[in-house]
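Both counts, for ligands and for their atoms, begin at 1 and track the order of listing. Hydrogens, waters and symmetry mates are skipped; everything else that's a heavy atom, side chains included, is used.
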Amino acid sequence: MLHGKTGLILGVANHRSIAWAIAKSAAREGAELVLTAQNERFLKSLTDLVSELGRPALTTTCDVGEPEQVAALMDFVKAQRGGLDFIVHCIAYAPREELEGNYVDTSAAGFATALGVSAYSLTALTKAALPLMEGRNGAVLTLSYLGAERVIPNYNVMGVAKAALESSVRYLAADLGPLGHRVNAISAGPLRTLAAAGVSGFSGMLDSVAQRSAMKRNVEAAEVGDAAAFMVSPLARGITGTVLHVDCGYSVMGI
Ligand SMILES: NC(=O)c1ccc[n+]([C@@H]2O[C@H](COP(=O)([O-])OP(=O)(O)OC[C@H]3O[C@@H](n4cnc5c(N)ncnc54)[C@H](O)[C@@H]3O)[C@@H](O)[C@H]2O)c1
């Protein structure tokens with residue numbers, strides 16, 4: 001599905017990261033990949049993992065909170081690969097104390113951090129990548145969660161950030177559509193990752209989804225990876241501005 005395509009996937013922290021599952025699916029489908037980790041510590045894990053891909057991939061760091069690092073990343077990709085056909089944004093952060101208790105107690109600083117790292121970064125990355133995608137019918141994909149649409153206990157400000165992220169997907173899709181580019185999100189069911197461990201009561205969420213989802217189980221990271229590979233591939237060339245639920249049907253159930 002991705003033979004001859006060059007992709008940038010951001011947000012590998014370890015082998016459990018959704019970004020890593022997407023990298024494995026995209027590599028299997030023939031993509032040339034550039035993978036990023038937030039910092040040198042995560043880059044070490046990423047470098048150790050890359051040999052499992054079965055094909056070479058470039059790795060580097062990028063903290064999306066630092067605009068000069070985003071610019072440097074695009075310079076790196078331009079120099080090494082010449083351009084980009086797709087970008088997958090798998091980045092979210094909120095201070096741990098914001099992911100427990102009541103949403104009403106969210107601090108101004110926590111709100112700004114969560115929205116900046118988890119939502120604004122997609123817009124900044126997309127803008128920075130536009131010159132690299134020029135004339136290539138690019139695809140931008142991000143990762144969201146049901147907490148954008150419904151109240152999930154303890155998800156709090158991250159739910160508000162995901163709502164902003166999903167709205168950004170629609171506005172970016174309208175901006176980039178005339179250029180031939182697509183922008184979409186996957187709303188994944190809960191997966192046990194580093195980011196998820198920061199959400200108070202996460203294990204209870206997994207149990208609840210396994211009992212109530214249409215398929216009576218939790219989604220697997222590889223299933224999100226395969227859906228992502230489809231969404232950034234030419235097979236999805238008519239799809240933009242949308243949020244695809246990859247959640248074993250949890251979100252369609254009423255009770
Ligand atoms: N795990 C789940 O249950 C679940 C469900 C739906 C959506 N998601 C979303 O999937 C995406 C990936 O998360 P994950 O679950 O794979 O966890 P993860 O912890 O493996 O990945 C999160 C990544 O965000 C990165 N990050 C945080 N702040 C950053 C910054 N300032 N600059 C650059 N990178 C930064 C981290 O380093 C990490 O690599 C997130 O957007 C998350 O909200 C996760």
Side-chain angles (χ1 to χ4, degrees), residues 8-24 35-46 49 59-70 72-73 87-96 98-99 112-122 124-125 128 141-150 152 154-166 168-169 185-206 208-210 213 218-225 227-228 243-248 250-251:
L8 171 63
I9 303 178
L10 300 105
V12 184
N14 57 36
H15 72 285
R16 291 182 184 274
S17 293
I18 295 174
W20 179 241
I22 295 171
K24 286 191 285 188
L35 306 172
T36 78
Q38 180 182 358
N39 51 37
E40 292 296 331
R41 182 166 65 95
F42 291 141
L43 183 63
K44 170 81 176 68
S45 311
L46 173 56
L49 284 171
T59 58
T60 188
T61 55
C62 180
D63 186 323
V64 295
E66 307 289 337
E68 66 281 7
Q69 291 195 25
V70 172
L73 171 65
I87 305 174
V88 188
H89 169 275
C90 308
I91 289 172
Y93 175 76
R96 202 179 181 108
E98 305 290 1
L99 299 175
T113 299
L115 274 280
V117 174
S118 315
Y120 177 69
S121 62
L122 178 72
L125 277 165
L141 183 71
T142 187
L143 266 293
S144 191
Y145 178 59
L146 188 64
E149 306 165 58
R150 314 230 192 113
I152 306 289
N154 301 314
Y155 202 62
N156 297 352
V157 71
M158 190 55 78
V160 177
K162 292 301 192 192
L165 181 72
E166 293 186 7
S168 291
V169 163
I186 283 178
S187 183
L191 286 156
R192 202 179 283 285
T193 63
L194 196 60
V199 181
S200 186
F202 180 78
S203 292
M205 284 161 64
L206 284 176
S208 179
V209 169
S213 67
N218 279 287
V219 75
E220 292 173 11
E223 294 169 333
V224 178
V243 179
L244 176 70
H245 291 83
V246 183
D247 64 352
C248 293
Y250 180 77
S251 56

Of the protein's non-hydrogen atoms, which lies at the shortest distance from [atom], and what is that distance?
atom                    : value
atom 22 (C) of ligand 1 : Cys90 O, 3.8 Å
atom 31 (N) of ligand 1 : Asp63 OD1, 2.9 Å
atom 7 (C) of ligand 1  : Ser144 O, 3.0 Å
atom 26 (N) of ligand 1 : Gln38 OE1, 3.4 Å
atom 21 (O) of ligand 1 : Gly11 O, 3.7 Å
atom 41 (O) of ligand 1 : Lys162 NZ, 2.8 Å
atom 13 (O) of ligand 1 : Ala195 CB, 4.1 Å
atom 3 (O) of ligand 1  : Leu191 N, 2.7 Å

Which atoms of ligand 1 are found less than 4.0 Å from any heavy atom of [X]?
X      : answer
Val117 : 28 (N), 29 (C), 31 (N)
Leu143 : 9 (C), 10 (O), 11 (C), 41 (O)
Cys62  : 32 (N), 33 (C)
Pro190 : 3 (O)
Ser17  : 16 (O), 18 (P), 20 (O)
Phe42  : 37 (O)
Ile91  : 24 (O), 26 (N), 29 (C), 33 (C), 34 (N), 35 (C), 41 (O)
Ile18  : 4 (C), 8 (N), 10 (O), 15 (O), 16 (O), 44 (C)

Review point. Can you tell me if CZ on Phe42 sees more than 12 non-hydrogen neighbours from other groups inside 6.0 Å?
Key: yes
Just one of [options] clears the side chain to side chain contact (heavy atoms under 4.5 Å, CB included) bar with [X], so which one?
X      : options                  : result
Val219 : Leu191, Val209, Asp247   : Leu191
Ile186 : Leu143, Val88, Ile18     : Leu143
Thr36  : Leu43, Leu46, Leu8, Ile9 : Leu8

Which value, rounded to the nearest 0.5 Å, describes the distance between [X] atom [atom1] and [Y] atom [atom2]?
X      : Y     : atom1 : atom2 : value
Ser144 : His89 : OG    : NE2   : 10.5 Å
Leu73  : Glu66 : CG    : CD    : 13.5 Å
Leu10  : Ser17 : CG    : OG    : 12.0 Å

Point to revise | Check: Ile87 and Leu141 side chains under 4.5 Å, non-hydrogen atoms | key: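 Side chain of Leu141 against side chain of Ile87, heavy atoms only: no contact under 4.5 Å found.
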Review point. Is there a side-chain contact between Met205 and Ile152 (heavy atoms, below 4.5 Å)?
Key: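 A side-chain contact exists here, since the closest heavy-atom pair is under 4.5 Å.
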Review point. With sequence neighbours left out, what residues match Thr113 under side-chain hydrogen bond (donor to acceptor under 3.5 Å, both in side chains)?
Key: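 By the side-chain hydrogen bond (donor to acceptor under 3.5 Å, both in side chains) rule, Thr113 matches no residue at all.
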Report yes if some N/O of [X] lies less than 3.5 Å from some N/O of ligand 1; otherwise report no.
X      : value
Phe202 : no
Tyr145 : no
Thr193 : yes

Practice item. Apply ring-ring contact (aromatic ring centres under 6.0 Å, His included) to Tyr250 and list each qualifying residue two or more places apart in sequence or on a separate chain. Key: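 None.
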Review point. If you take all heavy atoms of Phe202 and Arg192, which pair is closest and at what distance?
Key: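 Minimum heavy-atom separation between Phe202 and Arg192: CE2-CA, 3.8 Å.
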**Study point:** Sub-4.0 Å heavy-atom approach of Ala197 to ligand 1
**Key:** no
Exercise for review: For Glu166 and Ala163, indicate whether the former's side chain and the latter's backbone hold a donor-acceptor pair under 3.5 Å.
Suggested key: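 It does not hold such a pair.
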Practice item. Measure Thr36 to ligand 1 on non-hydrogen atoms and call it side chain, backbone, both or neither using the 4.0 Å cut-off. Key: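 Looking at Thr36 and ligand 1, no heavy atom falls under 4.0 Å.
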